[in-house]
*Asks:* 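The following block contains the structure, expressed as structure tokens.
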There are 2 protein chains.
Amino acid sequence: MKMDDRKQKVLLAIVHDYIATAEPVGSRTIAKKFRLGVSPATIRNEMADLEEQGYIEQPHTSAGRVPSEQGYRYYVDYLMKKHDLSPAEETLIRSEFDIKVKDIGQVIHKTGQLLSQLTHYTAMVLTPSIGTSSFKHIQLVSMNPTQAMVVVVMDNGTLHHRLIEIPESISAEDMETISSVLNAKLRGLTNENIKHTLMKEIYSELARHKHILDLAMELLEESLTKKSEDKIYLGGVFNMLNQPEFHNVEKVKTLLSILEQEKLLCGLMAGEEMDLGITVRIGGEIKNQGIKECSMVTAAYSLKGQRIGSMGVLGPTRMEYAKVISVVDFMTKNLSQALERMMRGLGK
Amino acid sequence: MKMDDRKQKVLLAIVHDYIATAEPVGSRTIAKKFRLGVSPATIRNEMADLEEQGYIEQPHTSAGRVPSEQGYRYYVDYLMKKHDLSPAEETLIRSEFDIKVKDIGQVIHKTGQLLSQLTHYTAMVLTPSIGTSSFKHIQLVSMNPTQAMVVVVMDNGTLHHRLIEIPESISAEDMETISSVLNAKLRGLTNENIKHTLMKEIYSELARHKHILDLAMELLEESLTKKSEDKIYLGGVFNMLNQPEFHNVEKVKTLLSILEQEKLLCGLMAGEEMDLGITVRIGGEIKNQGIKECSMVTAAYSLKGQRIGSMGVLGPTRMEYAKVISVVDFMTKNLSQALERMMRGLGK
DNA sequence: TTTAGCACTCAGCAGGTTAGAGTGCTAACA
DNA sequence: TGTTAGCACTCTAACCTGCTGAGTGCTAAA
């Protein structure tokens, strides 16, 4: 859609002012605040055109104009200027990531906190799905005469464990033996590689302990096949209540009821767009009735170039897109790096 | 405070009606709904007395009466009748606990869900602090030439792990050796029992690997001393928005901002009252400005008679005390039992 | 001691009025 | 032909006003 220069300026002014004040913007306001060098009357003419073309709308006759979804879309696609983070903000992010780089959970948590803190909207971070891998070590530990713990250490640094029931006849030494055999024969193999022939060999070697072996193999198989579950971290839900669009309890209720449904959110985050760039969805472009008055800025983060999770910011359609986009951009890059550092040397 | 029989009946009527309707209760309403056999005028006289004594108050001149905090207190202490759970509810709780008895996290989660679901208020469950214990197994696992994983299995069934940096000179066999030595010498000991003489012995035996030994011992010591951190699970925050007292966004905001502060909540839950019974705190009795219009019903749950965590329900002061108290009571008992079952046989 | 009756109070609502913000149109102007 | 001043018009939000009904407290009679 072609749009002449002055119309763009007027649209830009409306979007900026409305984002800042949450009040419909009138022609006088634009003329005064944005110094376009023309009178309110001229701006009124332009606004009438913009409304006709669907970029702005009027809440009621004697009110100013408000950007429509189409207007925001045009703004995001063509008018918006990049808005770099302040050095202070960049430093904050970097230092937080440097300090708290202990484990994945913490990094995700921190990411969410930073996202919501910097944008003042709600942050959503999807935990990385690292996919299948091989294992480094399996260990059976006797806990008491009738129970044992099976521990599997994966090559990506995660752990799986399970408590199993054992016959009293098995000694701690037996379990040590089983552990060694399993480690010696299977270590480093992926699920596909664990051939049945190999398993037969093991079962014949440890025939006495078939039952316990079954239980251990069950956990091992699960660990090898199962992708880590999608979990989502939410931060700054509270921020949304400061937005004037949520001064109405009914809206707060719909919003919160949606944010409570983890699965739904995961769907929204993990959805369609598999590219690495930033996706901006405005209002109805989010395929969900309940939050059709919100916008989402999402992006994937990666490990070794492979997309493994995503993060996003949810705010009112009247969102500071430029700011949010740069924050999300910067955060994905930093999170990817932090993960890279954390995983350095690990199998995956 | 002595109170004549009819006054008690009037107070009870006011509390019940206000809990049910959230509207100030007038003399006519009481006469009609509660059949005390006297006219509204008589009830008015009683109400005047009750107000003078501080049990009820009037929001404004021409409104009915509302129980004061003191009124709720009197109700809870003297007037309230026990309100057993319905068989259906009891069955629901029991069956949920039977199915989901896999790990502690899940049990806590389920408890919170049930609490909020049954009461329609917000549930808070503090994770058990199992305290110090001894360890069952320690294992060093080589991940790659420069990193290894230390895994410690505690006798209460929890796991601790950490990634450490290692010199390239150390082989996987070395690590196996170190693991065996540590297990052989230290297994089952508590932190106090690990004598310096013993440590010297180990260090001399494994002199070549002092560095890696240090790192492993560090995790081990931490695991042995550190109490599991207090974490809190919240459920049904959303429920509160259906309460008419939270139809005002400002109040929702203060409430949510408090519920976001985990530490504060832990303080409230873990606080003073260390006995096993149920504690009811009404309005200002909760030592927190922000939720002075709420009440809390809390109780501890236990393992082998020892208090190890607590749960609670947060609702408006206009709360269904009788119902909530019986739910909390039933839940603590069931949770304690579930934990008992889960820990059966484990060290602690 | 209880109750009927009555005067009084006050929140909330409906209806009416006003002020101000903002528009669209028209006619004059550059 | 594009721009602008002026003006009539529209509509919301705020304010006032009077009314209604719920509920009270007091008094005097039962």
Side-chain angles (χ1 to χ4, degrees), chain A residues 2-11 13-18 20-68 71 244-245 247-248, chain B residues 2-11 13-18 20-68 71 244-245 247-248:
Chain A
K2 221 177 131 45
M3 200 191 289
D4 92 54
D5 191 53
R6 197 172 58 194
K7 276 200 184 44
Q8 293 199 346
K9 280 193 181 137
V10 171
L11 179 55
I14 293 175
V15 172
H16 275 163
D17 199 69
Y18 187 63
T21 65
E23 296 289 333
V25 191
S27 54
R28 243 177 79 88
T29 316
I30 297 182
K32 240 193 296 182
K33 278 203 207 163
F34 295 83
R35 323 209 140 278
L36 301 192
V38 290
S39 78
T42 313
I43 292 174
R44 277 206 287 283
N45 288 330
E46 300 288 18
M47 283 164 90
D49 291 354
L50 282 171
E51 180 160 11
E52 200 174 335
Q53 291 167 58
Y55 293 105
I56 56 181
E57 37 200 45
Q58 226 175 346
H60 58 84
T61 327
S62 74
R65 302 306 212 293
V66 159
S68 65
E245 19 278 275
H247 271 16
N248 162 338
Chain B
K2 220 177 134 41
M3 200 189 288
D4 93 56
D5 190 56
R6 196 171 60 197
K7 276 200 183 47
Q8 292 197 349
K9 279 193 182 138
V10 172
L11 179 54
I14 294 176
V15 171
H16 276 162
D17 199 69
Y18 187 62
T21 65
E23 297 289 333
V25 191
S27 53
R28 243 178 80 87
T29 316
I30 296 182
K32 239 193 298 182
K33 277 203 210 166
F34 294 84
R35 322 208 140 279
L36 300 192
V38 291
S39 78
T42 313
I43 293 174
R44 276 206 287 285
N45 288 329
E46 300 287 19
M47 285 165 92
D49 291 352
L50 282 171
E51 180 160 14
E52 201 175 334
Q53 293 168 54
Y55 292 107
I56 56 181
E57 36 199 43
Q58 226 174 349
H60 59 82
T61 325
S62 74
R65 303 307 212 291
V66 160
S68 66
E245 19 279 276
H247 271 17
N248 160 339

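First the proteins, then the strands, lettered A, B, ... as listed; each starts at 1.
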*Asks:* With a 4.5 Å limit on heavy-atom distance, are the side chains of B/Met3 and B/Leu50 in contact?
*Replies:* yes

*Asks:* So, do A/Ile56 and A/Glu51 sit near enough that their side-chain heavy atoms are less than 4.5 Å apart?
*Replies:* yes

*Asks:* Flag the pair A/Thr42 / A/Ser39 as yes when at least one side-chain heavy-atom distance between them is below 4.5 Å, and no otherwise.
*Replies:* yes

*Asks:* Taking only N/O atoms, report every protein-nucleotides 9-13 of chain C pair under 3.5 Å with atom names and distance.
*Replies:*
residue: C/dC10; atom: OP1; partner: B/Thr61; partner atom: OG1; Å: 3.4
residue: C/dC10; atom: O2; partner: B/Ser62; partner atom: OG; Å: 3.1

*Asks:* Using heavy-atom distances to pick each residue's nearest nucleotide on DNA chain C, tell me which of A/Thr29 and A/Ala41 is more 5'.
*Replies:* A/Thr29

*Asks:* CD of B/Glu46 to OG of B/Ser27: how many Å apart, nearest 0.5 Å?
*Replies:* 12.0 Å

*Asks:* Any non-hydrogen side-chain atom of B/Gln8 less than 4.5 Å from a side-chain atom of B/Leu11?
*Replies:* no

*Asks:* Closer to the 5' end of DNA chain D via nearest nucleotide, is it B/Gly64 or B/Asn45?
*Replies:* B/Gly64

*Asks:* Which part of the nucleic acid does A/Ala63 contact within heavy-atom distance under 4.0 Å: base, sugar-phosphate only, or nothing?
*Replies:* sugar-phosphate

*Asks:* Would you please confirm or rule out a distance under 4.0 Å between OP1 or OP2 of C/dT2 and any side-chain N or O of B/Arg6?
*Replies:* yes

*Asks:* Which is the 5'-most and which the 3'-most nucleotide of DNA chain D that has an atom under 4.0 Å from a heavy atom of chain B?
*Replies:* D/dA22 to D/dG25

*Asks:* Do the side chains of A/Lys7 and A/Tyr55 get nearer than 4.5 Å, heavy atoms only?
*Replies:* no

*Asks:* Are B/Ile14 and B/Met47 packed together at the side-chain level, in the sense that at least one heavy-atom pair is separated by less than 4.5 angstrom?
*Replies:* yes

*Asks:* To the nearest Å, how far apart are B/Met47 CE and C/dT3 P?
*Replies:* 16 Å

*Asks:* Are B/Val38 and B/Arg6 side-chain neighbours, meaning at least one heavy-atom pair lies under 4.5 Å?
*Replies:* yes

*Asks:* Let me know the distance between CZ of A/Arg44 and C1' of C/dG22, rounded to the nearest Å.
*Replies:* 8 Å

